[in-house]
Amino acid sequence: MYTFESRVRYSEIDESGALALSSVINYMQDCSTFQSEEMGLGVEYLREHGQVWLLNSWQIQIERLPVLAERITVGTWAYGFKGIYGYRNFALYDSEKRYLVKANSIWVFYDWNKSRPARITENIEQSYGREPKLEMNYAERKIAVPEGGVAEEPFPIRRHQIDTNGHVNNGQYIQMAQEYVPHVSEIRSLRAEYRKSAVYGNSIYPVVASVEDGLVISLNDEEGKPYAVIAFSRK
């Protein structure tokens with residue numbers, strides 16, 4: 001497991017005074033990035049080899065959100081590799097090492113030069129290794145989009161939403177979807193499925209559907225095909 005310690009900053013909380021959902025995503029994304037950088041398999045290494053990791057899905061379970069100035073530990077580890085897919089768990093802990101957040105993620109290894117997914121190299125698989133899988137209730141990777149959703153006003157992609165891969169960062173889609181959740185602080189789990197990459201110049205056409213104890217937001221292109229589907233639940 002790779003970990004780093006932090007303290008919840010004012011810039012990371014929401015109106016309730018607790019760590020914002022978007023900040024949870026950022027902490028986990030930063031944790032895996034720090035691990036890769038320290039192993040010499042980070043952004044520059046991947047760029048030199050024409051490779052990149054693309055996030056396929058998130059599943060996040062919230063036990064409790066830490067509050068302003070609280071000390072936390074963020075951890076991540078790989079638990080499996082299969083063909084083009086890498087499987088990684090994340091966790092946020094409080095100062096007593098109790099779980100705050102548990103998460104599962106699935107990643108696709110991609111070859112930029114060939115513009116297609118690629119089998120994960122032996123070097124990368126051996127470098128990350130495998131740790132035991134986190135105990136949590138694992139959901140399906142794919143999210144069903146309910147019929148009868150409400151189409152909301154479209155909006156353009158902004159430059160600040162683009163990451164080093166030239167695409168909208170995965171956490172940005174979740175921030176977009178949060179705008180349609182009445183009480184974000186009540187969310188206790190979310191799932192995100194990423195279907196294709198949006199870039200600067202694209203526009204998002206949101207469709208919001210109510211489901212039992214939550215919402216499913218499909219962030220679509222102008223033809224109604226999803227870039228990403230986000231499901232929020234209060235359970």
Side-chain angles (χ1 to χ4, degrees), residues 1-9 12 19 21-61 72-93 97 99-134 136 138 141 160-175 190-194 196-199 228:
M1 180 192 296
Y2 176 88
T3 64
F4 77 94
E5 296 183 355
S6 189
R7 194 174 186 186
V8 177
R9 300 164 175 82
E12 297 171 336
L19 189 67
L21 192 53
S22 59
S23 298
V24 172
I25 303 293
N26 288 338
Y27 265 121
M28 295 191 296
Q29 186 170 229
D30 288 343
C31 190
S32 59
T33 301
F34 290 159
Q35 181 187 34
S36 297
E37 291 295 330
E38 291 192 17
M39 293 172 64
L41 298 173
V43 173
E44 288 304 318
Y45 171 89
L46 293 172
R47 182 178 288 122
E48 290 172 2
H49 289 77
Q51 300 163 339
V52 68
W53 287 103
L54 299 178
L55 185 60
N56 181 267
S57 66
W58 273 122
Q59 181 193 353
I60 299 170
Q61 296 180 356
I72 62 173
T73 300
V74 189
T76 187
W77 60 98
Y79 67 84
F81 301 91
K82 186 177 181 181
I84 65 172
Y85 293 103
Y87 302 86
R88 177 181 286 275
N89 284 139
F90 293 84
L92 269 66
Y93 308 90
K97 294 300 184 282
Y99 285 110
L100 295 166
V101 177
K102 296 180 178 182
N104 184 47
S105 62
I106 302 175
W107 301 76
V108 173
F109 197 59
Y110 193 84
D111 186 320
W112 275 128
N113 298 324
K114 297 180 180 179
S115 298
R116 66 186 185 192
R119 186 175 184 84
I120 297 167
T121 64
E122 183 177 350
N123 172 54
I124 287 181
E125 184 172 343
Q126 290 182 349
S127 296
Y128 285 111
R130 299 169 188 248
E131 299 290 337
K133 192 175 181 180
L134 181 65
M136 58 183 288
Y138 288 83
R141 175 176 61 86
H160 72 269
Q161 296 170 315
I162 305 300
D163 63 17
T164 55
N165 296 322
H167 300 156
V168 172
N169 183 264
N170 72 84
Q172 292 291 329
Y173 291 104
I174 294 174
Q175 289 192 57
L190 77 83
R191 293 165 61 204
E193 180 192 355
Y194 301 95
K196 66 175 185 173
S197 298
V199 299

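Looking at heavy atoms from C-beta onward, N169 lies out of side-chain contact with I162 at the 4.5 angstrom threshold. Put simply, the side chain of R47 reaches to within 4.5 Å of the side chain of E44, judged on heavy atoms. With contacts defined as side-chain heavy-atom distances shorter than 4.5 Å, the pair L134/W77 qualifies. Two residues are said to be in side-chain contact when any heavy atoms from C-beta on lie closer than 4.5 Å; S36 and Y128 meet this criterion. The shortest distance between side-chain heavy atoms of Q61 and N104 does not fall below 4.5 Å. Looking only at side-chain heavy atoms (C-beta outward), M28 and T76 stay at 4.5 Å or farther from each other. Looking only at side-chain heavy atoms (C-beta outward), N56 and Y194 stay at 4.5 Å or farther from each other. A heavy-atom distance below 4.5 Å is found between the side chains of L92 and L19.
Heavy-atom neighbours of K82 NZ from other residues, nucleotides or ligands within 6.0 Å: at or below the threshold of 12. The environment of CZ in R130 is crowded: more than 12 heavy-atom neighbours from other residues, nucleotides or ligands sit within 6.0 Å.
Contact between I106 and R141 at its shortest, heavy atoms only, is CD1-CD, 3.8 Å. For the residue pair G86 and I120, the shortest heavy atom distance occurs at N-CD1, 3.8 Å. Here the closest heavy-atom approach between residue A78 and residue G129 is recorded as CB-O, 3.6 Å. Across every non-hydrogen atom of S6 and Y27, the tightest pair is OG-OH, 2.8 Å. For the pair R119 and I84, the tightest heavy-atom approach, listed with the atom from each and the gap, is N-CG2, 3.9 Å. Residue L46 comes nearest to V52 through the heavy atom pair CD1-CA, 4.4 Å, listed as atom of the first residue, atom of the second, then distance.
Between atom CD1 of residue I25 and atom CG of residue L55 there is a gap of 9.0 Å, rounded to the nearest 0.5 Å. Note that CG of L21 and CG of N26 are 10.0 Å apart. Values are rounded to the nearest 0.5 Å. Between atom CD of residue E37 and atom CG of residue D30 there is a gap of 11.0 Å, rounded to the nearest 0.5 Å. Note that CH2 of W53 and OG of S105 are 10.0 Å apart. Values are rounded to the nearest 0.5 Å.
A side-chain donor-acceptor contact under 3.5 Å links N89 to the backbone of A103. For N165 (side chain) and H167 (main-chain N/O), no donor-acceptor pair under 3.5 Å exists by modelled atom type. Remark: the backbone N or O of A192 is not paired with any side-chain donor or acceptor of S57 at under 3.5 angstrom. With E12 contributing its side chain and R9 its backbone, the two residues share a donor-acceptor pair below 3.5 Å. The main-chain N or O of F109 is never found under 3.5 Å from a side-chain atom of Q51 such that the two would form a donor-acceptor pair.
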Worked check of side-chain contact (heavy atoms from CB on, under 4.5 Å) between N170 and D163: CA-CA 9 Å; N170 72 84; D163 63 17; 5.9 Å; no

message: Evaluate S32 against Y2 for side-chain contact (heavy atoms from CB on, under 4.5 Å), listing each step before the verdict.
response: CA-CA 8 Å; S32 59; Y2 176 88; over 6 Å; no

- request: Verify side-chain contact (heavy atoms from CB on, under 4.5 Å) between W58 and I174, making sure each step is shown before the conclusion.
  value: CA-CA 10 Å; W58 273 122; I174 294 174; 4.1 Å; yes

Verdict with supporting geometry, V24 and L100, side-chain contact (heavy atoms from CB on, under 4.5 Å): CA-CA 10 Å; V24 172; L100 295 166; over 6 Å; no

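Annotation: Y110 is in aromatic contact with W112 [ring centroid separation under 6.0 Å]. Ring to ring, Y99 and Y93 are close: their centroids are under 6.0 angstrom apart.
Relative ring orientation between F4 and F34 is described as perpendicular, the plane-to-plane angle rising above 60° on a 0-90° scale split at 30° and 60°. Under the 30°/60° scheme for interplanar angles, the aromatic rings of Y79 and Y138 are found to stand perpendicular.
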